Amino acid sequence: MKRTDIYSYFCFGYNYYLLRYESKGVLVHGDKDSLISRIEDFLKNVEDLNLQVTSKAAEQLRTILQEIAAKPSEAKVDVALATQVTSAIDALDKTLDAELQLRYAFIVTPKRFGLDNLLEHPVTLFAGEVFQLLPRICQFDIAQACRCIAFGLPTAAAFHLMRGTEGVLRFYYEALVKRGRVGHPMWGPIVEHLRKRRDAPQLSLLDHLDHIRTNFRNPTQHPEARYDLDEAQDLLSLTIDAINRMVRDLRARGLARGTSAS
């Protein structure tokens, strides 16, 4: 998937119009409004859009580009050259139309969380310096979950959120417990072990983690489980809260460190 500025499509169409109808009298060389610049921009747009058939059909334009490169620096497009350019555009017009009909663009619709936060900056959804302290695999899962929500894939988002939260829980547990850890560091046994410690985390955090495990993490593993977008966004909110609390507790204990490489 490639992020594309919609404005570039408008520019592509406008540039196409200028080449086809407005070449006469412009400078051959020079700034962005010169004929050479317009042809180069058009060919670059064709390549950027991966319009392979149109690119092949644009050989006549490339030939014109080579021929006019030798013209004097002050040269302007005369009637003959303008007609030649228009003819080259007309020759590839049907090919361009046919190939563009095979392309689709999908518009990302607004969500309860800002799209820029979901797609590019999930770090901003968390309390200050929380996301940066998480293991990189957990950062990955959370970022993927946010992108899934943005792109309307709520069930996939739930899987990533639960995996990411469990990863952060293990990270939290390993920071608190240095010896005598549970043999199988799974979500349930970890929380149960933390409850029994003299320096146990706040009951509200442990209850919150158990709530997520019982009502979301375990059911999400079921092969018939499905989420809608509202449920996935609710789950993201729960996840953010749980992770913020775990990191806040590590900070209070003086156990917060830099981003883990795991």
Side-chain angles (χ1 to χ4, degrees), residues 1-111 113-122 140 143-157 160 229 232:
M1 184 177 298
K2 181 179 179 182
R3 178 169 177 164
T4 303
D5 184 357
I6 292 178
Y7 183 70
S8 64
Y9 288 92
F10 167 77
C11 293
F12 178 45
Y14 183 63
N15 180 258
Y16 179 78
Y17 170 84
L18 292 177
L19 278 176
R20 194 171 190 182
Y21 300 110
E22 300 290 337
S23 293
K24 182 182 175 182
V26 304
L27 289 170
V28 173
H29 303 273
D31 59 18
K32 63 181 181 180
D33 289 325
S34 69
L35 179 61
I36 288 179
S37 178
R38 289 177 181 179
I39 295 176
E40 289 177 342
D41 286 346
F42 176 81
L43 294 174
K44 183 179 184 302
N45 284 324
V46 168
E47 295 300 324
D48 289 346
L49 292 172
N50 196 29
L51 300 172
Q52 299 178 19
V53 182
T54 301
S55 179
K56 186 65 176 176
E59 288 302 320
Q60 190 175 345
L61 271 180
R62 293 189 180 92
T63 299
I64 293 173
L65 195 59
Q66 292 174 353
E67 291 174 350
I68 63 177
K71 286 183 175 292
S73 59
E74 70 279 3
K76 291 187 177 182
V77 179
D78 57 20
V79 174
L81 180 53
T83 301
Q84 189 179 1
V85 172
T86 298
S87 177
I89 292 293
D90 286 343
L92 61 79
D93 185 64
K94 289 184 179 180
T95 301
L96 178 60
D97 280 352
E99 194 165 16
L100 286 177
Q101 288 179 37
L102 299 176
R103 297 303 177 93
Y104 297 92
F106 296 89
I107 304 298
V108 182
T109 56
K111 305 297 186 297
F113 296 88
L115 289 176
D116 185 64
N117 303 103
L118 292 172
L119 291 171
E120 302 294 341
H121 304 291
F140 168 81
Q144 289 295 301
C146 289
R147 291 178 69 83
C148 286
I149 289 173
F151 292 134
L153 302 170
T155 303
H160 279 293
L229 274 173

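None of these values were measured; they are calculated from a predicted model.
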Checklist entry - Taking the inter-plane angle between the rings of Tyr21 and Tyr17 on a 0 to 90° scale, is it parallel (under 30°), tilted (30 to 60°) or perpendicular (over 60°)? => result tilted
Checklist entry - Does some side-chain heavy atom of Leu118 sit less than 4.5 Å from a side-chain heavy atom of Phe151? => result no
Next on the checklist: Set out, in order, the CA-CA distance, both residues' side-chain angles and the distance that settles side-chain contact (heavy atoms from CB on, under 4.5 Å) for Leu51 and Leu96, then state yes or no.
Outcome noted: CA-CA 8 Å; Leu51 300 172; Leu96 178 60; 3.8 Å; yes
Checklist entry - Given side chains that start at C-beta, do those of Val26 and Lys76 come closer than 4.5 Å, heavy atoms only? => result no
Next on the checklist: Per the side chain to side chain donor-acceptor pair (under 3.5 Å) rule, what does the pair list look like for residues 96-109, sequence neighbours excluded?
Outcome noted: Thr54-Glu99, Thr109-Lys111
Next on the checklist: Let's go through Tyr9 and Phe12 carefully: what are the C-alpha distance in whole Å and the side-chain angles of both, what is the deciding distance for ring-ring contact (aromatic ring centres under 6.0 Å, His included) to 0.1 Å, and is it a yes or a no?
Outcome noted: CA-CA 5 Å; Tyr9 288 92; Phe12 178 45; 7.8 Å; no
Checklist entry - Between CG of Leu19 and CZ of Arg38, what distance do you get to the nearest 0.5 Å? => result 7.0 Å
Next on the checklist: With a 4.5 Å cut-off on side-chain heavy atoms, are Leu35 and Leu65 touching?
Outcome noted: no
Next on the checklist: I'd like to know whether Glu74 forms a side-chain contact (heavy atoms from CB on, under 4.5 Å) with His29, so could you lay out the CA-CA distance, the side-chain angles of the two residues, the decisive distance to 0.1 Å, and finally the verdict.
Outcome noted: CA-CA 7 Å; Glu74 70 279 3; His29 303 273; over 6 Å; no
Checklist entry - Within the side chain of Ser23, is there an N or O that forms a donor-acceptor pair under 3.5 Å with the backbone of Ala82? => result no
Next on the checklist: Tell me if the CD1 atom of Ile6 is crowded by more than 12 foreign heavy atoms within 6.0 Å.
Outcome noted: no
Checklist entry - When rounded to the nearest 0.5 angstrom, what distance separates CD1 in Ile89 from CZ in Phe42? => result 4.5 Å
Checklist outcome for this item: Separation between NZ (Lys32) and CG (Asn15), nearest 0.5 Å, reads 11.5 Å
Checklist entry - Is a salt bridge present between Arg20 and Asp93, judged by a nitrogen-to-oxygen distance below 4.0 Å? => result yes
Checklist entry - Would you call Glu59 and Arg62 a salt bridge, using N to O less than 4.0 angstrom? => result yes
Next on the checklist: Restricting to non-hydrogen atoms, name the atom on Ser34 and the atom on Val28 that form the minimum distance, rounded to 0.1 Å.
Outcome noted: CB-O, 3.6 Å
Next on the checklist: To the closest 0.5 Å, what do you measure between CG (Asp41) and SG (Cys11)?
Outcome noted: 9.0 Å
Checklist entry - If you round to the nearest 0.5 Å, how far is CG of Asp31 from CD1 of Ile36? => result 11.5 Å
Checklist entry - Is there a side-chain contact between Val77 and Val85 (heavy atoms, below 4.5 Å)? => result no
Checklist outcome for this item: All heavy atoms of Ala150 vs all of Leu119, minimum pair found to be CB-CD2, 3.5 Å
Checklist entry - Below 4.5 Å, heavy atoms only, C-beta onward: do His160 and Arg147 meet side chain to side chain? => result no
Checklist entry - Does a donor on one side chain sit under 3.5 Å from an acceptor on the other, for Asn45 and Glu47? => result no
Checklist entry - Measuring from Leu92:CG to Lys56:NZ, what's the distance to the nearest 0.5 Å? => result 13.5 Å
Checklist entry - Does the pair Ser87 and Gln60 meet the rule for a side-chain contact (heavy atoms from CB on, under 4.5 Å), with working shown? => result CA-CA 9 Å; Ser87 177; Gln60 190 175 345; 4.0 Å; yes
Next on the checklist: Set out, in order, the CA-CA distance, both residues' side-chain angles and the distance that settles side-chain contact (heavy atoms from CB on, under 4.5 Å) for Lys24 and Leu81, then state yes or no.
Outcome noted: CA-CA 8 Å; Lys24 182 182 175 182; Leu81 180 53; over 6 Å; no
